[in-house]
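All values below come from the heavy atoms of this structure, side chains included, with hydrogens, waters and symmetry mates left out.
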Amino acid sequence: MARKKHSAEQIVAMLRQIEVEVANHKPTGQACREAGITEQTYYRWRKEYGGLKLQQARRMKELEKENARLRRLVTELSLEKQVLKDVAEGNF
């Protein structure tokens, strides 16, 4: 089954919509189905994005991308350093 990729703004908007419906005495499962997501997805998103505003959610996603990029960079540099160290010691 193909996965949908929702933006942080869409997720926050869906969470707000579902919470309004639940506050109006609609069961959580029904509100989630109407929004087109599963209850499990709702609770996972609520755990990650609960209480965030749109700008905060957008910034969080940007920071996650930057963090992943920096981790890859550190890994590559560490590998290069180790290779150069091995070559300098003659262990190749």
Side-chain angles (χ1 to χ4, degrees):
M1 180 180 221
R3 300 183 101 193
K4 294 181 182 177
K5 183 68 174 172
H6 297 284
S7 69
E9 295 86 6
Q10 291 172 328
I11 292 171
V12 170
M14 271 193 234
L15 288 175
R16 286 187 182 161
Q17 172 190 351
I18 292 170
E19 288 176 6
V20 167
E21 291 177 7
V22 169
N24 290 329
H25 307 291
K26 186 177 280 191
T28 306
Q30 184 180 356
C32 291
R33 278 191 299 278
E34 289 174 3
I37 61 171
T38 64
E39 269 189 85
Q40 181 181 7
T41 300
Y42 167 71
Y43 287 115
R44 183 170 27 93
W45 283 353
R46 195 175 80 174
K47 180 180 173 185
E48 185 174 349
Y49 295 97
L52 292 182
K53 293 183 174 42
L54 287 177
Q55 293 293 351
Q56 292 170 327
R58 195 176 296 140
R59 180 72 177 141
M60 184 178 77
K61 282 297 183 183
E62 289 173 6
L63 290 173
E64 286 175 353
K65 285 181 183 179
E66 183 180 1
N67 192 21
R69 184 184 64 83
L70 292 173
R71 285 178 189 259
R72 281 192 306 274
L73 184 62
V74 167
T75 302
E76 290 172 7
L77 290 174
S78 296
L79 181 61
E80 288 178 17
K81 179 182 172 187
Q82 185 62 42
V83 167
L84 290 173
K85 186 177 179 183
D86 288 345
V87 168
E89 292 175 354
N91 297 333
F92 51 92

So, taking the atom named [atom1] in [X] and the one named [atom2] in [Y], what distance separates them when rounded to the nearest 0.5 Å?
X     : Y     : atom1 : atom2 : value
Lys65 : Leu63 : NZ    : CG    : 11.5 Å
Glu80 : Leu84 : CD    : CG    : 7.0 Å
Gln30 : Ile18 : CD    : CD1   : 11.5 Å
Met14 : Thr41 : CE    : OG1   : 9.5 Å

Shortest non-hydrogen contact from [X] to [Y]?
X     : Y     : value
Lys5  : Gln10 : O-OE1, 4.2 Å
Ala8  : Lys61 : CB-CG, 3.9 Å
Leu15 : Trp45 : CD1-O, 3.7 Å

side-chain contact (heavy atoms from CB on, under 4.5 Å) assessment of Lys85 paired with Glu89: CA-CA 6 Å; Lys85 186 177 179 183; Glu89 292 175 354; 3.7 Å; yes

Looking only at side-chain N and O atoms, does Arg59 offer a donor or acceptor that is under 3.5 Å from a partner on Gln56?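 Judged by distance alone, the side chains do not pair up.
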
How about Glu9 and Ser7: does a side-chain donor come under 3.5 Å of a side-chain acceptor? yes

Would a hydrophobic clustering, with Ile, Leu, Val, Met, Phe, Trp and Tyr connected at side-chain separations under 4.5 Å, put Val20 with Ile11? no

Let's go through Arg46 and Tyr42 carefully: what are the C-alpha distance in whole Å and the side-chain angles of both, what is the deciding distance for side-chain contact (heavy atoms from CB on, under 4.5 Å) to 0.1 Å, and is it a yes or a no? CA-CA 6 Å; Arg46 195 175 80 174; Tyr42 167 71; 3.6 Å; yes

Determine, step by step, whether Glu48 and Met60 satisfy the side-chain contact (heavy atoms from CB on, under 4.5 Å) criterion, reporting the C-alpha distance in whole Å, the side-chain angles of both residues, the deciding distance to 0.1 Å, and the verdict. CA-CA 10 Å; Glu48 185 174 349; Met60 184 178 77; 3.8 Å; yes

